[in-house]
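Only one structure is covered here, and it is reproduced in the block below.
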Amino acid sequence: MKKLITLLCVSLSVTCIFAQEIPHSIKKSDVFKDEYKRSSIALVEDDGNDGVFIARSYAGGLFSSGAGYYFEHYDANLKLIKEYEYEMRRSEVEKWGTILGIVMNGNQVSLIDFLYNSKEKAFVCSALTSSIDNFNFEKKELFRIASDDVMKSQWFGSSQFDGDSGANFMLNEDKTAFAITVDIKNKNAETHRIYLFDNKLNKKIDHEFKREIKDRKFVYENIDVSKDGNNLYLLGKVYTDEKKNKKEGGKYQYELTRISNEGQATQVFDTDEHFSGSLKTVVFQDKLTCVGFYSDRKDYRYKGISYFELDPISLAIRKSKYNPFTEQFMVDKYGKNKDKELKNLSFRGILITEQNEIVFNAEEYYVTTHYHMNPNGGGGTYTYVYHYDDIVSAKIANDGNILWARNINKRQATGGDSSYISYTSTVKGNDTYFFINTGEKVKKLSNDRIQFGQTSTKRSNLNVIRITPDGNFDFQEILDDKDNEVPFMVSDGAISKNSVYFIGRKGKKKQLLKVTL
């Protein structure tokens with residue numbers, strides 16, 4: 001009877017999908033052309049007059065030449081007011097450079113540049129800063145580290161692979177402070193040099209983090225900046241000899257370290273008899289939380305969401321919870337309550353509601369390999385297909401319990417550019433929204449479920465999906481591909497207040513889209 005009621009609720013939910021509109025408004029810029037074919041939104045900032053300032057990175061990639069930024073100022077109707085192109089130019093001794101991130105302070109914009117200077121044999125981090133009124137960039141060195149001290153396997157293809165080598169950048173939620181970590185070469189201990197700056201480029205922390213354990217036994221998870229911009233929180237997954245002898249659960253422990261001007265303090269916790277392959281830190285004013293998926297076997301067949309809450313100063317553990325996926329979620333995924341668990345989940349982001357509830361998003365991502373024999377024999381070639389399937393979303397209450405968990409059925413795949421598939425997500429009030437491109441029809445599945453299908457750059461209908469506070473969802477097509485001159489890159493959306501911005505591209509032809517909820 002309980003299952004029947006659940007299925008009836010799903011049926012009613014799907015029926016309501018077509019019965020109401022999701023409030024939104026749409027604005028488009030004029031279609032324009034860039035010299036460079038590919039660009040993506042790197043920064044969106046409101047200008048205080050209903051207009052928007054946008055920075056787009058173009059061409060190239062890590063350590064490549066010909067890279068740069070388009071800076072554009074639009075009015076409330078997305079009419080271009082001012083534009084400026086900044087091309088990254090390196091001297092002969094400045095090698096292997098990359099922009100780690102962009103920071104704004106009022107009308108000042110700073111590109112945080114990290115490069116190798118072959119003459120000085122040092123990695124140098126600098127801020128390239130300009131007013132958005134005149135775009136006259138000036139360089140200010142933030143710090144430098146001798147080349148011999150830096151773990152470079154990420155950049156130079158060393159056989160000593162280290163997934164956290166190089167430099168990492170983190171901007172806090174309020175965009176008032178940013179952190180940079182650099183992996184330091186040390187065979188006997190995991191070592192990072194960590195810097196904290198405010199958005200005025202004042203250095204607040206210069207700290208060497210060291211864990212007396214071999215590098216390969218420490219997995220760097222993430223680093224976060226406190227709300228006030230005075231503390232750093234570094235989360236690591238550590239394989240110790242003690243945990244190696246555990247009878248049940250993951251043979252590792254998590255370590256959360258608070259770093260301040262006074263030094264560092266560390267809290268150790270593990271996932272008991274469960275397996276949590278990865279955790280993400282969420283920083284609030286009065287608490288820290290770590291959330292992630294967990295399983296009961298040593299694999300990636302996830303069974304639910306784990307939740308840890310800690311004091312932000314003492315790091316004392318206040319509570320830990322293991323929330324199994326809800327029956328509603330299992331109905332979404334499998335059509336009825338089966339003894340199955342989800343696998344191949346890729347973390348896609350954390351959103352915070354006005355009530356400080358956590359929305360934890362992921363996507364079912366995996367790669368398939370196909371071998372093609374040459375028609376005349378003599379070997380063949382491999383091709384790779386990248387699958388972006390179901391969306392997984394769960395809302396976690398302030399006490400750590402799941403309010404709802406939903407699986408949105410989706411089937412998308414690509415052999416190359418994934419910009420037009422996958423999704424962008426945001427929250428407004430207590431509602432959660434997902435923007436996706438789909439085909440013409442939404443497929444009906446068994447047990448009153450639906451599935452969003454494949455899209456292509458030639459046919460990309462933009463849809464918005466809404467999950468309401470009670471966990472029900474509806475959706476609406478907001479742009480038909482017949483009405484668009486270019487398809488929009490839905491996985492690269494940028495969020496500012498209650499608006500989401502997308503770049504559309506077809507060849508060198510481009511257009512900016514603003515969707516306001």
> Salt bridge check: are D390 and K410 linked by an N-O gap of less than 4.0 Å?
Replying inline: no
>> According to side chain to side chain contact (heavy atoms under 4.5 Å, CB included), who are the partners of D198, at least two apart in sequence or on a separate chain?
In response: K200, N202, K204
> Looking at N323 and G400, what are the two nearest heavy atoms and their distance?
Replying inline: ND2-O, 2.9 Å
> Does F473 have its ring centroid less than 6.0 Å away from the ring centroid of Y433?
Replying inline: no
> Are R505 and D34 close enough for a salt bridge, meaning some N to O gap below 4.0 Å?
Replying inline: no
>> If we ignore hydrogens and angles and just use 3.5 Å, is the side chain of T414 paired with the main-chain N or O of D417 as donor and acceptor?
In response: yes
>> Run the ring pair (Phe, Tyr, Trp, His ring centres under 6.0 Å) test against H387 and tell me which residues pass, sequence neighbours left out.
In response: Y366
>> Could you check whether T129 and S110, counting side-chain N and O atoms only, form a donor-acceptor pair closer than 3.5 Å?
In response: yes
> Does S276 offer a backbone N or O that forms a donor-acceptor pair with the side chain of Y254 under 3.5 Å?
Replying inline: yes
Check residues 495-503 and write down every donor-acceptor pair under 3.5 Å in which the side-chain atom is one partner and the other belongs to a residue at least two apart or another chain.
unit_1	atom_1	unit_2	atom_2	d
S496	OG	D46	OD1	3.3
S496	OG	D46	OD2	3.0
S499	OG	T516	OG1	2.8

> In chain order, what residues pass the side chain to side chain contact (heavy atoms under 4.5 Å, CB included) check against K482, with sequence neighbours excluded?
Replying inline: E440, D480
>> Set out, in order, the CA-CA distance, both residues' side-chain angles and the distance that settles side-chain hydrogen bond (donor to acceptor under 3.5 Å, both in side chains) for Y84 and E72, then state yes or no.
In response: CA-CA 7 Å; Y84 178 79; E72 297 158 337; over 6 Å; no
>> For G471, is there any backbone N or O sitting under 3.5 Å from a side-chain donor or acceptor partner on R406?
In response: yes
> Can you say whether the rings of F135 and F53 are parallel (under 30°), tilted (30 to 60°) or perpendicular (over 60°)?
Replying inline: parallel
> What is the distance from atom CD of E85 to atom CD of E83, rounded to the nearest 0.5 Å?
Replying inline: 9.0 Å
> Is there side-chain contact between V359 and I352, with heavy atoms separated by less than 4.5 Å?
Replying inline: no
> Under 4.0 Å between a Lys/Arg side-chain N and an Asp/Glu carboxylate O for K237 and E221?
Replying inline: no
> At their closest point, which heavy atom of P487 faces which heavy atom of Y420, and how far apart are they?
Replying inline: O-CE2, 3.5 Å
> Is a donor on one side and an acceptor on the other found under 3.5 Å between the side chain of S314 and the backbone of A316?
Replying inline: yes
>> Just to verify, what does D492 make a side chain to side chain contact (heavy atoms under 4.5 Å, CB included) with, not counting sequence neighbours?
In response: S419, M489
> Within the side chain of E255, is there an N or O that forms a donor-acceptor pair under 3.5 Å with the backbone of G236?
Replying inline: no
>> We want to know whether D174 and N172 form a side-chain donor-acceptor pair, criterion being a heavy-atom distance below 3.5 angstrom.
In response: no
> Any side-chain heavy atom of I350 sitting closer than 4.5 Å to one from V291?
Replying inline: yes
>> For A76, is there any backbone N or O sitting under 3.5 Å from a side-chain donor or acceptor partner on D50?
In response: no
> Under 4.5 Å between any side-chain heavy atoms of Y220 and N168, yes or no?
Replying inline: yes
>> Side chains of P23 and K428, heavy atoms from C-beta outward: is any pair under 4.5 Å?
In response: no
> Given side chains that start at C-beta, do those of L512 and I54 come closer than 4.5 Å, heavy atoms only?
Replying inline: yes
> Taking only residues two or more places apart in sequence, or in another chain, which ones meet K28 in a salt bridge (Lys or Arg N to Asp or Glu O under 4.0 Å)?
Replying inline: none
>> Please determine whether side-chain contact (heavy atoms from CB on, under 4.5 Å) holds for the pair H24 and I26, giving the CA-CA distance in whole Å, both sets of side-chain angles, and the decisive distance to 0.1 Å.
In response: CA-CA 7 Å; H24 69 279; I26 286 177; 3.9 Å; yes
> Is the F435-Y423 ring centre distance short of 6.0 angstrom?
Replying inline: no
> Atom OG1 of T181 and atom CG of L196: how far apart are they, to the nearest 0.5 Å?
Replying inline: 12.0 Å
> Roughly how far apart are N77 CG and D30 CG, rounded to 0.5 Å?
Replying inline: 11.0 Å
> Is E173 salt-bridged to K227, going by a charged N under 4.0 Å from an acidic O?
Replying inline: yes
>> Can you list everything that forms a side chain to side chain contact (heavy atoms under 4.5 Å, CB included) with N430? Sequence neighbours excluded, please.
In response: T353, Q355, E357, K395, P469
> Taking the six-membered ring for Trp, is the centroid-to-centroid distance between F452 and F475 below 6.0 Å?
Replying inline: yes
> Between N472 and D470, does any side-chain donor sit less than 3.5 Å from a side-chain acceptor?
Replying inline: yes
> With sequence neighbours left out, what residues match F293 under ring pair (Phe, Tyr, Trp, His ring centres under 6.0 Å)?
Replying inline: Y302, F360
>> Using salt bridge (Lys or Arg N to Asp or Glu O under 4.0 Å), reason through K319 and D399 one step at a time and then give a plain yes or no.
In response: CA-CA 9 Å; K319 62 182 69 171; D399 61 3; over 6 Å; no
>> Please tell me whether Y69 and Y86 form a close aromatic pair, meaning their ring centres lie under 6.0 Å apart.
In response: no
>> Under 4.0 Å between a side-chain nitrogen and a carboxylate oxygen: does that hold for K506 and E485?
In response: no
> Listed by chain and number, what are the salt bridge (Lys or Arg N to Asp or Glu O under 4.0 Å) partners of D228, not counting sequence neighbours?
Replying inline: none
>> Tell me which one of L479, N437, I436 satisfies side chain to side chain contact (heavy atoms under 4.5 Å, CB included) with N463.
In response: I436
> Is a donor on one side and an acceptor on the other found under 3.5 Å between the side chain of D47 and the backbone of N49?
Replying inline: yes
Using residues 279-287 as the side-chain source, report each donor-acceptor pair under 3.5 Å to any protein atom, sequence neighbours left out, with the distance given to one decimal.
unit_1	atom_1	unit_2	atom_2	d
T281	OG1	N222	OD1	3.1
K287	NZ	N398	O	3.2

> Salt-bridged, E364 to K343, with N to O below 4.0 Å?
Replying inline: no
> Hey, does Y195 have a side-chain heavy atom less than 4.5 Å from the side chain of L142?
Replying inline: no
> Taking side chain as C-beta onward, heavy atoms only, is I402 less than 4.5 Å from T326?
Replying inline: yes
> Can you name the residues that form a salt bridge (Lys or Arg N to Asp or Glu O under 4.0 Å) with R348, not counting sequence neighbours?
Replying inline: E363
> Side-chain contact, heavy-atom cut-off 4.5 Å: I391 with N361?
Replying inline: no
> Where the side chain of S39 meets the backbone of Y58, is there a donor-acceptor pair that is under 3.5 Å apart?
Replying inline: no
> Quick one: OH on Y388 to OG on S346, what's the gap to the nearest 0.5 Å?
Replying inline: 8.0 Å
>> Once ring pair (Phe, Tyr, Trp, His ring centres under 6.0 Å) is applied, do any residues pair with F169, and if so which ones, sequence neighbours excluded?
In response: F178
>> Using a 6.0 Å cut-off, check whether atom CD of E477 has over 12 heavy atoms from anything other than its own residue.
In response: yes
> Can F275 and Y294 be said to form a ring pair (Phe, Tyr, Trp, His ring centres under 6.0 Å), step by step?
Replying inline: CA-CA 5 Å; F275 296 87; Y294 76 89; over 10 Å; no
> Which class fits the ring pair F269 and F308: parallel under 30°, tilted 30 to 60°, perpendicular over 60°?
Replying inline: tilted
